[in-house]
Structures are given as C-alpha cells and as structure tokens.
Number of protein chains: 2
Amino acid sequence: MSSTQMLKGILEGCLLAIMKEGEVYGYELAEKLNRYGFESLSEGTIYPLLIRMQKEKLVLTTLRKSTAGPNRKYYSLSEKGEKELNLFIERWNRLSVNVNQIVKNKGGV
Amino acid sequence: MSSTQMLKGILEGCLLAIMKEGEVYGYELAEKLNRYGFESLSEGTIYPLLIRMQKEKLVLTTLRKSTAGPNRKYYSLSEKGEKELNLFIERWNRLSVNVNQIVKNKGGV
DNA sequence: TCATTTGCCTTGCATTGCAAGATAGGTTTA
DNA sequence: TAAACCTATCTTGCAATGCAAGGCAAATGA
C-alpha cells in the first residue's frame with residue numbers, strides 16, 4: 001500500500017479548507033499542498049478533482065491574467081462548498097479519533 | 001463524498017493493528033471495527049481485503065471450529081505484516097499531522 | 001422441520017488518485 | 001529570431017479501494 005492510497009477522499013476536504021481563506025489557482029494549490037507535506041501530489045490528481053468540484057458547485061471560478069504564463073483559473077468556496085467543508089471536518093475528526101484509538105491500543109477493544 | 005470514501009487505504013492498517021494483539025476471525029474484526037466507531041463497514045469490504053492480505057503474506061491463517069456456526073478462519077500477523085504495520089503507523093501519523101495543519105489553519109500556509 | 005444466528009465468500013460497480021503526456025503563454029539567453 | 005525554460009491548464013487510460021447485494025454452510029432452538 002502506497003502512502004497516497006491513504007489520501008482517498010481526504011484531498012477534497014483539504015482543498016476546500018485551503019480555499020476557505022481566499023481564492024487560489026490550481027498550480028498554487030499544488031505548491032501549498034507540497035509545503036504542507038503532501039509530496040508527490042501531481043497535477044493529474046488535482047485538476048480533475050477541481051473540475052469535479054466545479055461540476056458539483058462546491059467552488060466558483062474566475063479567470064485572471066497571470067504575471068508569467070497562461071491565464072490562471074482562480075477557485076473560491078461556494079455556500080455549498082462551505083457546508084461541505086464543515087461536514088468534512090466533522091468526518092475527519094471522527095476518523096482520526098477512531099484510527100488513533102486502534103493504532104495506540106494496537107488491538108484489543 | 002461519503003464518510004467511507006475517506007477510509008480508502010486506511011482500513012488495511014487498522015486490521016493489522018487489531019491483529020497485533022492476537023488472533024481474530026473475520027466476523028469478529030467487523031464487530032470490533034464497529035465498536036471502534038466504523039459503522040456500516042460491511043463484510044463485502046472486509047473479506048476481500050483479508051484475502052488480499054493473505055495473498056500478500058501479511059497475515060497467517062488457521063481454521064478452527066466455532067461454538068456456533070461454520071468454521072472460523074483466524075488471522076494473525078506475519079513478520080512481513082508487522083513491518084507493514086509499522087510503516088502504516090508512520091504514514092498515518094504524517095497524514096494526520098498534515099491534514100490537521102490544513103484543517104486548523106483553514107488555509108494559508 | 002423451519003427459522004435464526006453465526007460465519008465465510010463472490011460478483012459487479014462507482015470513485016479516487018496517478019502516470020504520462022498534450023497544449024499554451026511568457027521570459028530569458030544565445 | 002530561435003531555443004530553452006518556466007508557468008499553467010487539461011486529457012486519457014489505468015489500478016486500487018470499498019460497497020451493495022446476494023449466496024452458501026453449519027449449529028441451535030422452536
């Protein structure tokens with residue numbers, strides 16, 4: 001099992017959390033996630049996810065000119081996205097409590 | 001995104017951790033996980049995973065008679081499984097640190 | 001004998017993340 | 001002006017994970 005397999009489903013919540021503080025564009029998201037410790041997160045992972053989130057209306061987008069390179073597509077949270085973020089945080093907290101119990105006990109119940 | 005989507009890849013580590021303390025059989029694992037807070041974890045999830053872990057030689061199995069019902073298949077950690085468990089714990093700790101940073105900041109960097 | 005409980009397993013599916021590469025605009029250097 | 005190199009977005013095709021739905025089998029009790 002690779003490290004990235006553990007990400008499944010968690011990445012969306014992380015993107016929502018980062019957008020919570022303000023607009024970001026895809027390339028920037030990839031850089032921030034790397035700085036947060038998610039190494040080897042490729043654009044082939046992030047862009048399709050952003051597109052899906054746009055279809056689900058969790059995010060709003062606007063195109064802006066870049067200082068260097070092609071236009072940037074900025075993402076920000078919709079109202080629906082804010083609600084989804086709150087749900088994610090609840091789920092994440094429950095999950096980490098459960099896993100920590102198991103890992104720290106190393107078994108039993 | 002459903003709650004269970006966040007599990008992807010984490011379940012294997014939890015199974016290894018539970019087996020660390022001693023032999024368990026599949027049905028019992030499902031019950032323990034439920035008590036740990038993983039509700040709605042079905043046998044359609046657990047049994048195929050156990051079979052895969054057996055193929056990968058992470059676990060050893062022995063059949064025993066049940067007090068009520070068909071034979072039980074008991075699982076325990078192999079040496080390889082113990083190593084895998086340690087790797088999982090490292091990865092889990094890194095992941096939860098990263099996600100907590102993002103969720104608690106709610107963005108920035 | 002028939003329902004219930006315990007216990008294992010299979011099939012087929014949707015979703016997620018990734019590798020690899022295509023496409024484009026801008027700057028720098030030769 | 002051409003070559004090289006960043007920045008930036010997107011697509012295709014794949015493997016892995018978890019789940020719903022269901023079947024099979026052994027023991028117990030009504």
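Please read these numbers as outputs of a predicted model, since none were measured by experiment.
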Pairwise 5' ranking along DNA chain C for B:Y75 and A:G44, keeping only the more 5' one: B:Y75
Listed partners of A:Y74 passing side chain to side chain donor-acceptor pair (under 3.5 Å), at least two apart: A:R72
Non-neighbouring partners of B:S42 that pass side chain to side chain donor-acceptor pair (under 3.5 Å), sequence neighbours left out: none
Is the distance from OP1 or OP2 of [N] to the nearest side-chain N or O of [X] less than 4.0 Å?
X	N	answer
B:R52	D:dT17	yes
A:T45	C:dC18	yes
A:Y47	D:dT9	yes
A:K73	D:dC10	yes

Sidechain N-carboxylate O distance under 4.0 Å for A:E84, A:K80: no
Interatomic distance, [X] [atom1] vs [N] [atom2] [rounded to whole Å]:
X	N	atom1	atom2	result
B:F38	D:dG18	CZ	C1'	13 Å
B:E28	C:dG7	CD	P	8 Å
A:I51	C:dC18	CD1	P	16 Å
B:K55	C:dC9	NZ	P	11 Å
B:L63	D:dA25	CG	C1'	13 Å
A:E43	C:dT23	CD	C1'	13 Å
A:L15	C:dT16	CG	P	12 Å
B:N71	D:dA27	CG	P	8 Å

Candidate list A:T61, A:L15, A:I18, test side chain to side chain contact (heavy atoms under 4.5 Å, CB included), partner A:Y75, passing option: A:T61
Main-chain N/O of A:E79 paired with A:E82 side-chain donor or acceptor, under 3.5 Å: no
Backbone of A:W92 reached by a side-chain donor or acceptor of A:S96 within 3.5 Å: yes
Sugar-phosphate, base or nothing in reach of B:I46, heavy atoms under 4.0 Å: nothing
Touch class at under 4.0 angstrom, heavy-atom based, for B:G26 against every strand present: sugar-phosphate
Hydrophobic cluster identity match, A:I10 and B:I89, side-chain contacts under 4.5 Å: yes
What's touching nucleotides 4-7 of chain D from the protein side, N or O pairs under 3.5 Å?
residue : atom : partner : partner atom : Å
D:dT7   : O3'  : A:A68   : O            : 3.2

5' priority, DNA chain D, between A:P48 and B:S42 [closest heavy atom]: A:P48
